[in-house]
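Please read the structure below before turning to the comments.
Each chain gets a letter, A, B and so on, in the order the sequences are listed, and its residues count up from 1. From a predicted model like this one, the values you see are computed outputs, not experimental measurements.
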2 protein chains.
Amino acid sequence: MKKTKRFFAPFMVALLFVSLIISCDEKGQKMKDGSATPAFDLATARAEIEAANKAFMALVAAGDSVGLANFYTQDAKFMNAGAPAVSGRKNIQSAMSGIIQSGITKVDLRLNDVWGTEDLLVEEGELSLFAGDTEVAQEKYIVVWKKEDGKWKLFRDIFNSNLPAQ
Amino acid sequence: MKKTKRFFAPFMVALLFVSLIISCDEKGQKMKDGSATPAFDLATARAEIEAANKAFMALVAAGDSVGLANFYTQDAKFMNAGAPAVSGRKNIQSAMSGIIQSGITKVDLRLNDVWGTEDLLVEEGELSLFAGDTEVAQEKYIVVWKKEDGKWKLFRDIFNSNLPAQ
């Protein structure tokens, strides 16, 4: 009986050590990225934003205001120049529809830089708007991206002209 | 000799446990906020941004373009409407000087919301510009804040008008 106890005690100590080390590592992993998902990688996020911008440009070319509105989060604000901010998908769809109906047939988005985390990304870039073959606006922008249903969506979208007011 | 060893072994095991638990906790702390500093608190950060905005407004009222430029990070971009973005403190100081010389005597900044982390904060708000007693602009803005030398500074600053172009 005493011999079993002698063998058992060091075994239990070793087991406790191992479980402590494992739980310690799990704790670190969870805190590192704010969840149990894989660690955040900014280069990957940048590529995802580039892809989202490409899809956004295709929707403008297609004149698809519903598709464009779905690129925004439910609680998004479209901060258009020359008007108060527009909140929510329904109002954003109306704004997109208005832009398309004004004759805009193409947007060229050029990402400069991206910063942030899995929870919130900030994109800085420049854009041009076209009506047919004519460039009608040269602008710079900041977009704040958030994940909704596992996809990056525009949460705040603001831009202004690089050219003096006419 | 054997008795000393018997006493010493459990003591060493206990010491190892304690040091393992401490290092595990330190690891968690470091990963949680990306450094060894206290954990990030958004409400505190919001109050810090409110205080920074108050100081910024005072510098506009004082016509202090050097003080205003120092509120921006070394690598900041001031994304003024009607002109390309202006990079770096020297150029931002010139832009601020131009705004002051154009007759702006007051800016009223109204923070709506703040998101982000210790590394990067995003502020959304609205502002009014005044020349004397006359409100000459109603705008909305996004500011991206970063810490430089332990102080929140403007890293990206973009805004546009809430009113239709005249």
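When heavy atoms are compared at a cutoff of 4.5 Å, Asp113(B) does not approach chain A at all. At a 4.5 Å heavy-atom cutoff, the contact between Leu163(B) and chain A is made by backbone atoms alone. With a 4.5 Å cut-off on non-hydrogen atoms, Phe155(B) touches chain A through its side chain but not through its backbone.
Trp115(B) and Phe40(A) are not part of a single hydrophobic cluster, where members link through side-chain heavy atoms under 4.5 Å apart. In the hydrophobic clustering of this structure, Val144(B) does not group with Leu127(B); members are Ile, Leu, Val, Met, Phe, Trp, Tyr whose side-chain heavy atoms approach within less than 4.5 Å, directly or through other members. Both Ile99(B) and Val143(B) belong to a common hydrophobic cluster when Ile, Leu, Val, Met, Phe, Trp and Tyr are linked at side-chain heavy-atom distances under 4.5 angstrom. Linking ILVMFWY residues whenever their side-chain heavy atoms come closer than 4.5 Å, directly or via other members, leaves Met96(A) and Phe130(A) in distinct clusters. Residue Val136(A) is grouped with residue Ile100(A) when hydrophobic side chains (ILVMFWY) are merged at heavy-atom distances under 4.5 angstrom, including chains of intermediate members.
Atoms CZ and CG, on Phe159(A) and Asn160(B) in that order, are 6.5 Å from each other to the nearest 0.5 Å. The distance from atom OG1 of Thr117(A) to atom CG of Leu120(B), rounded to the nearest 0.5 Å, is 8.5 Å. In this structure, the separation between CD1 on Ile142(B) and NZ on Lys77(A) is 8.5 Å, given to the nearest 0.5 Å.
Of the possible polar contacts, one joining the Lys140(B) side chain to the Ala83(A) backbone as a donor-acceptor pair under 3.5 Å is found.
With a 4.5 Å cut-off on side-chain heavy atoms, Val122(B) and Arg156(A) do not count as touching.
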